[in-house]
Amino acid sequence: MRIYHAKDYADMSRKAANIVSAQVIMKPNCVLGLATGSTPIGLYKQLVEWFKKGDLDFSEVMTVNLDEYKGLSRENDQSYYYFMHQNLFDQVNIPVENTHLPNGMEPDSQKECKRYTELIQSLGGVDLQLLGIGHNGHIGFNEPGESFDKQVHCVDLTESTIEANKRFFASADDVPKQAYTMGIKTIMQAKKILIIASGEDKAEIVHKAFFGPITPQVPASVLQLHNDVTLVADEAALSSL
Ligand code: F6R
């Protein structure tokens, strides 16, 4: 595993964007696995900036996102579909048909998980998978205890996740109770993995995930078994190392 030390959030975003951009330049028709959340926002902003300068071309790039809430429509501003369009897709020249997320409006979980797993396979797999890390070590929606051998699956969100997400919705009843996510197995099949972390609140989990025992109790610890992982984190997130 390579670890790039960044000064702060802006530096982390630029360093991580450099890695994504190198991937796009080296293989213009690459498959990027993408993440949502607060950590990658600066990275996406940087990619948009380089695109606008004429330094990046997304016309052949294909994307598959890690996860999506079940039951949220694309128009819902809390959906990951909405997030990705706001932060990246609508601001660069990627053809919309090249962008993929699990379909949150498909009620048949088995059908949707099969479709999304097969879609990723039909694209030839993910060249570079971007990940954030949750405070409990989750990656995608793979929470502690999740087995390492799952492909795309539907998860029941934990009470604490529902509670934490409540502030984004009109009421707790409106918070989705389930989500579709790539499983750990799907994530581990990516050729390269780029994981980003920022802030002191991530320091303890970054240390546990990359220097602690490999265990389903810390889902990100499985990345120690992948042969091409790059962690880009700022000083605060690396302060426990
Ligand atoms: C997002 C995702 C999540 C986040 C994680 C960290 O698609 O799958 O696992 O990467 O929750 O979120 P932030 O970046 O908001 O700290």
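In this text the structure is predicted, and so the values were computed from the model without any measurement. Note that ligands are numbered from 1 as they come in the structure, with each ligand's atoms numbered from 1 the same way.
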Exercise for the section: Any chance you could lay out the side-chain contact (heavy atoms from CB on, under 4.5 Å) test for Gln151 and Gln189, step after step, and finish with the verdict? Expected result: CA-CA 10 Å; Gln151 295 276 13; Gln189 281 167 344; 3.6 Å; yes
Problem - Heavy-atom nearest neighbour in the protein, as seen from atom 1 (C) of ligand 1, with distance rounded to 0.1 Å - result: Thr36 OG1, 3.2 Å
Problem - Hydrophobic cluster membership, Leu88 vs Met12, 4.5 Å side-chain cutoff - result: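 Leu88 and Met12: one cluster.
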Should you measure from each heavy atom of [X], which atoms of ligand 1 turn up under 4.0 Å away?
X      : value
Thr39  : 13 (P), 14 (O), 16 (O)
His138 : 5 (C), 9 (O), 11 (O)
Gly132 : 10 (O)
Gly140 : 3 (C), 8 (O), 9 (O)
Asp67  : 1 (C), 2 (C), 7 (O), 8 (O)
Ile133 : 6 (C)
Leu66  : 8 (O)

Problem - Within residues 74-127 or reaching into it, pairs that qualify as ring pair (Phe, Tyr, Trp, His ring centres under 6.0 Å) - sequence neighbours excluded - result: Tyr69-Tyr80, Tyr81-His85, His85-Phe89
Exercise for the section: Ignoring angles and geometry beyond distance, decide whether Pro40 reaches within less than 3.5 Å of ligand 1 through its nitrogen or oxygen atoms. Expected result: no
Exercise for the section: Answer yes or no for Lys202: is there a heavy-atom contact with ligand 1 below 4.0 Å? Expected result: yes
Exercise for the section: State whether Glu49 and Lys52 are salt-bridged, where the test is any N-O pair (Lys NZ or Arg NE/NH1/NH2 against Asp/Glu carboxylate O) under 4.0 Å. Expected result: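 Result for this pair is no, no salt bridge flagged.
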Exercise for the section: Salt-bridge test for Asp127 and Lys191: reply yes if a basic N is under 4.0 Å from a carboxylate O, no otherwise. Expected result: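 Yes.
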Practice task
Please tell me if the side chains of Ile3 and Phe210 come closer than 4.5 Å, counting only heavy atoms from C-beta onward.
Solution key: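 No. Closest side-chain heavy atoms not under 4.5 Å.
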Problem - Minimum heavy-atom distance Ser38-Tyr9, with the two atoms named - result: O-OH, 3.2 Å
